[in-house]
2 protein chains.
Amino acid sequence: MAKASEKHRVTSADVARACGVSRATVSYVLNNDPRQTIPPETRERILQAAQKLGYSPFAPARLLRSGQSQLVLAVLPFEQVDPALARSLKELEQRLARHDLTLLSYVGMHPSIGTTHPSAHITPSVLLSYADQDDPLVAAFLQQFHAPILHLLGDARLEEQIGAMQAEYLIQCGKRSLIFLDSERKDVQRLSSHRFRGVQQACLRWECTEPVLRTLPSSREEARTILRDTLASCDHSWGICCYNDEVAIAALAALADENITIPHMAAVVGCDNIPLAQWSLPALTTIAFHNESALDPLIEAIVALSRGETVTWKTQKTLTLIKRASA
Amino acid sequence: MAKASEKHRVTSADVARACGVSRATVSYVLNNDPRQTIPPETRERILQAAQKLGYSPFAPARLLRSGQSQLVLAVLPFEQVDPALARSLKELEQRLARHDLTLLSYVGMHPSIGTTHPSAHITPSVLLSYADQDDPLVAAFLQQFHAPILHLLGDARLEEQIGAMQAEYLIQCGKRSLIFLDSERKDVQRLSSHRFRGVQQACLRWECTEPVLRTLPSSREEARTILRDTLASCDHSWGICCYNDEVAIAALAALADENITIPHMAAVVGCDNIPLAQWSLPALTTIAFHNESALDPLIEAIVALSRGETVTWKTQKTLTLIKRASA
DNA sequence: CTGAAAGCGCTTACAG
DNA sequence: CTGAAAGCGCTTACAG
């Protein structure tokens, strides 16, 4: 089934021949050109033949002709595409399809030498970047596509706001000693450092002590040890800002292992509001992004850019703190 | 930065003109054609000019010429791309890049009428399907790409094995009343039903009672109720086979809310071994796939198919039960 | 209403 | 060693 027999590609000329018309006519019919009046009888015959021969236009030829690729490429540098992102990609894909645009994703990004840049094989008309917009390597990589770029991730300022929001909530809960719990994931260091800076700033503003920076180890045993030792360093009750919900849920488990009562002895705030956040013990207090409101303008911006128009668009993310039991 | 000024595409002719050579020479140099001997001086000059003009070959033209797209498309029908999948995609992407192949992903799949099929805009030379290979809608969708297809997900039999493995482990633990806990996610129904069938078969084989099928609601309150009522229906100790780890972790939380001791009163087995599985309370017993061993042959198969060669390849997934505290 | 022709940008035999 | 030319498959003015 679906043999690799690229022996002979079915071409619009084949369809034309089969119907005894010219390739132009085939093209007119298949593209529904409104400026042409094709007799319904002919039209039907062509449609039939195309169907029977299994003809579909060869994309590169069409692109070469039109210069317009109708392709939107989402560049996802994360090792771990989070579920929320996948969902929003699917949504995006469906919305864009109605505008005759195809959304594709590229996972990974190697400005590594030696391997070909993807632009050699694909020519997107718009780029959606989920990468750090301040990273020069990222910028260079994206640049090579020669396509307009929309940055969907927040900028450094938004990331700082996230950290600050976590910290301020915890401070309001009466926690005056804060920990920032980092992920081990390398690909996320920059994001993480922005959020930590937000926590620092909040501590400064509210005259708390400098927050402690820790990285959550991947082993549960080590995580217990690190958290125990850190908490023992002072007998305040602690507030823990986690890089994201995964880290937070892991922290919750390690704290439970140590019989540390939550949120009394330590309160935990995550970020992302992943589906599992409501299922932790205790349920996780976290920060959710809301950019659904901005989906329509985003679609519009993408469509306009794909047509070569110039457009200004900025991420409009609003942060909401989702209060549950962990803080 | 990266303006949408598609005003005038930089073409190989531009580079040739800038250097006072022919387009052929430019092409030879840029593609490192081994059959040509270009004076290093000229070569250098061309490379310089290409660099300065920001020239990169226009993919569609090149594809039209070669007929070979060098594009591998992963079709992901899941609403929720799981982290393990994302990681393996990244790995795949890097490996394929060394063979000058670009891996792109397409999230979603609408055999919906009215919208254009992605094949209108992209011509992959190989398809990697993560969709249900028995679903005729899926088959029709994939077919339209006219490219060879590799099915990476297991077939129905493997899915049944997963269910059976969960069930048999629980039965060995002494649980003779089993529940299969399903996800609410629509896009996963078929997979889920295969796994349930595996559980049923195991129960038959081991002469247990027919397993109970339940769907985990998205609200924690409702989940508690459903689980409580189901468990109360008989005073055996129960074994719960969960569609995947997310469902399992949620179930663990709901059971804890009801003060049901795990694994004594109810034992829980998940599937996937997601990173969070080791961080649940108690840590989750689950089933892991191992197909890393099969990565090399997979790469080879993809490369061969992209060259139009015919190849037989089959998913080689081995299942391992990861024993933790929940069962 | 239909067909012959040009041209998108590229690579690659083929002559010089 | 370099250049002129053909052709990949498509769409779209332009003639008839």
Side-chain angles (χ1 to χ4, degrees), chain A residues 6-46 50 53-70 100 116 119-123 125 146 308, chain B residues 6-46 50 53-70 100 116 119-123 125 146 308:
Chain A
E6 292 296 336
K7 209 71 251 231
H8 195 61
R9 183 183 300 286
V10 182
T11 186
S12 81
D14 294 328
V15 179
R17 206 173 309 118
C19 301
V21 298
S22 77
R23 284 152 66 223
T25 313
V26 172
S27 178
Y28 291 144
V29 169
L30 263 38
N31 295 317
N32 255 309
D33 190 325
R35 285 161 306 187
Q36 309 294 331
T37 349
I38 311 288
E41 193 272 337
T42 311
R43 162 182 298 273
E44 200 45 47
R45 200 152 40 93
I46 293 175
L53 297 178
Y55 168 70
S56 65
F58 188 50
R62 164 182 266 209
L63 298 194
L64 176 56
R65 179 74 236 261
S66 68
Q68 294 267 321
S69 81
Q70 304 294 92
D100 197 34
T116 333
S119 66
H121 304 136
I122 187 168
T123 310
S125 56
H146 298 291
Chain B
E6 291 295 335
K7 208 71 251 236
H8 195 60
R9 185 182 300 285
V10 182
T11 185
S12 81
D14 293 328
V15 179
R17 207 174 307 120
C19 300
V21 299
S22 78
R23 285 152 65 221
T25 313
V26 173
S27 179
Y28 292 142
V29 169
L30 263 40
N31 295 318
N32 255 309
D33 190 324
R35 286 162 304 190
Q36 310 293 329
T37 349
I38 310 288
E41 193 270 339
T42 312
R43 164 184 297 275
E44 201 45 47
R45 202 151 39 93
I46 292 176
L53 296 179
Y55 169 71
S56 64
F58 188 49
R62 162 183 269 208
L63 298 194
L64 176 56
R65 178 75 235 262
S66 69
Q68 294 265 324
S69 82
Q70 303 296 90
D100 197 34
T116 332
S119 67
H121 304 136
I122 187 168
T123 310
S125 56
H146 298 291

A.B. asks: From CG of B:Leu63 over to P of C:dC10, roughly how many Å is that when rounded to an integer?
C.D. replies: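 From B:Leu63 CG to C:dC10 P: 12 Å.
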
A.B. asks: In chain order, what residues pass the side-chain contact (heavy atoms from CB on, under 4.5 Å) check against B:Ser119, with sequence neighbours excluded?
C.D. replies: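 Testing B:Ser119 for side-chain contact (heavy atoms from CB on, under 4.5 Å), a comparison that skips the adjacent residues, returns B:His117, B:Gln144, B:Phe145.
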
A.B. asks: Taking CZ from B:Arg35 and C1' from D:dT2, how many angstroms apart are they, rounded to a whole number?
C.D. replies: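 Taking atom C1' of D:dT2 as the reference, CZ of B:Arg35 is at 16 Å.
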
A.B. asks: Taking B:His146 for its side chain and A:Arg9 for its backbone only, find out whether a donor-acceptor pair lies under 3.5 Å.
C.D. replies: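 Such a contact is absent between B:His146 side chain and A:Arg9 backbone.
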
A.B. asks: Going by side-chain hydrogen bond (donor to acceptor under 3.5 Å, both in side chains), name the residues that satisfy it together with A:Glu44, two or more places apart in sequence or in a different chain.
C.D. replies: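 So A:Glu44 forms a side-chain hydrogen bond (donor to acceptor under 3.5 Å, both in side chains) with A:Gln48.
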
A.B. asks: Please enumerate all residues that pass salt bridge (Lys or Arg N to Asp or Glu O under 4.0 Å) together with A:Asp33, with sequence neighbours excluded.
C.D. replies: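 Scan of A:Asp33 (salt bridge (Lys or Arg N to Asp or Glu O under 4.0 Å), adjacent residues dropped) gives A:Arg35.
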
A.B. asks: By the 4.0 Å heavy-atom rule, please label B:Asp33 as base, sugar-phosphate, or nothing.
C.D. replies: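 No contact.
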
A.B. asks: Of all residues at least two apart in sequence or in a different chain, which pass the side-chain hydrogen bond (donor to acceptor under 3.5 Å, both in side chains) check with A:Thr123?
C.D. replies: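 Scan of A:Thr123 (side-chain hydrogen bond (donor to acceptor under 3.5 Å, both in side chains), adjacent residues dropped) gives none.
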
A.B. asks: Roughly, in whole Å, what's the span from CG in B:Leu30 to P in C:dG9?
C.D. replies: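 In whole Å, C:dG9 P and B:Leu30 CG are 16 Å from each other.
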
A.B. asks: In whole Å, I'd like the distance from the CZ atom of A:Arg45 to the P atom of C:dT2.
C.D. replies: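 From A:Arg45 CZ to C:dT2 P: 9 Å.
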
A.B. asks: If the cut-off is 4.0 Å, is B:Thr11 near the phosphate of C:dC10, judged by side-chain N/O to OP1 or OP2?
C.D. replies: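 Yes.
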
A.B. asks: Can you list everything that forms a salt bridge (Lys or Arg N to Asp or Glu O under 4.0 Å) with B:Arg23? Sequence neighbours excluded, please.
C.D. replies: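 With sequence neighbours excluded, B:Arg23 shows a salt bridge (Lys or Arg N to Asp or Glu O under 4.0 Å) to no residue whatsoever.
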
A.B. asks: Reckon B:Ser22 has a side-chain N or O less than 4.0 Å from the OP1 or OP2 of D:dT2?
C.D. replies: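 Checking D:dT2 against B:Ser22, no side-chain N or O comes under 4.0 Å of OP1 or OP2.
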
A.B. asks: Do any N or O atoms of the protein come closer than 3.5 Å to N or O atoms of nucleotides 5-8 of chain D, and which pairs are they?
C.D. replies:
unit_1, atom_1, unit_2, atom_2, d
D:dG7, N2, B:Arg65, NE, 3.4
D:dC8, O2, B:Arg65, N, 3.4

A.B. asks: Ignoring backbone atoms, establish whether A:Thr25 has a side-chain N or O less than 4.0 Å from OP1 or OP2 of C:dT2.
C.D. replies: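 Checking A:Thr25 against C:dT2: no side-chain N or O falls below 4.0 Å of OP1 or OP2.
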
A.B. asks: Please list, chain by chain and in numerical order, all residues satisfying side-chain hydrogen bond (donor to acceptor under 3.5 Å, both in side chains) with A:Ser66, sequence neighbours excluded.
C.D. replies: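 Partners of A:Ser66 under the side-chain hydrogen bond (donor to acceptor under 3.5 Å, both in side chains) test: none.
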
A.B. asks: Looking at B:Thr116, is its backbone amide N or carbonyl O close enough to the side chain of B:His121 to form a donor-acceptor pair, meaning the two atoms are under 3.5 Å apart?
C.D. replies: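 No, the answer is negative, given that no donor and acceptor are paired below the 3.5 Å cut-off.
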
A.B. asks: Spell out, as yes or no, whether a donor-acceptor pair under 3.5 Å connects the side chain of A:Ser125 to the backbone of A:Ser69.
C.D. replies: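 Side chain of A:Ser125 to backbone of A:Ser69: no pair is present.
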
A.B. asks: Please state how far atom CD1 in A:Ile46 lies from atom P in D:dC10, giving the value in whole angstrom units.
C.D. replies: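 Distance check: A:Ile46 CD1 to D:dC10 P gives 14 Å.
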
A.B. asks: Among C:dT2, C:dG9, D:dT2, find the nucleotide with the atom closest to the side chain of A:Pro39.
C.D. replies: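 Ranking C:dT2, C:dG9, D:dT2 by closest atom to the A:Pro39 side chain puts C:dT2 first.
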
A.B. asks: Identify the pairs formed between an N or O of the protein and an N or O of nucleotides 14-16 of chain D at a distance under 3.5 Å, and give each distance.
C.D. replies:
none

A.B. asks: Which dot-bracket string describes DNA chain D (Watson-Crick N1-N3 plus N6-O4 or O6-N4, or G-U N1-O2 and O6-N3, all under 3.5 Å; [ ] crossing; | other strand)?
C.D. replies: |||.||||||||.|||

A.B. asks: Could you check how far CZ of A:Arg17 sits from C1' of D:dG9, rounded to whole Å?
C.D. replies: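 Those two atoms, CZ and C1', are 13 Å apart.
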
A.B. asks: For a quick test of your reading: what N or O donor-acceptor pairs under 3.5 Å do the side chains of residues 11-20 of chain A make, sequence neighbours left out?
C.D. replies:
unit_1, atom_1, unit_2, atom_2, d
A:Asp14, OD1, A:Arg17, NH1, 3.2
A:Asp14, OD2, A:Thr11, N, 2.8

A.B. asks: Report the residues that fulfil side-chain hydrogen bond (donor to acceptor under 3.5 Å, both in side chains) with B:Ser56, sequence neighbours left out, ordered by chain and then residue number.
C.D. replies: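 Applying side-chain hydrogen bond (donor to acceptor under 3.5 Å, both in side chains) to B:Ser56 gives none.
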
A.B. asks: Can you tell me how far P of D:dG9 sits from CG of A:Asp14, to the nearest Å?
C.D. replies: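 Going from CG in A:Asp14 over to P in D:dG9 covers 9 Å.
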
A.B. asks: Distance check: side-chain N/O of B:Thr42 vs OP1/OP2 of D:dC1, anything under 4.0 Å?
C.D. replies: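 For D:dC1, OP1/OP2 do not have a side-chain N/O of B:Thr42 under 4.0 Å.
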
A.B. asks: Once side-chain contact (heavy atoms from CB on, under 4.5 Å) is applied, do any residues pair with B:Thr42, and if so which ones, sequence neighbours excluded?
C.D. replies: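 For B:Thr42, the residues satisfying side-chain contact (heavy atoms from CB on, under 4.5 Å) (neighbours in sequence not counted) are B:Val21, B:Ile38, B:Pro39, B:Arg45, B:Ile46.
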
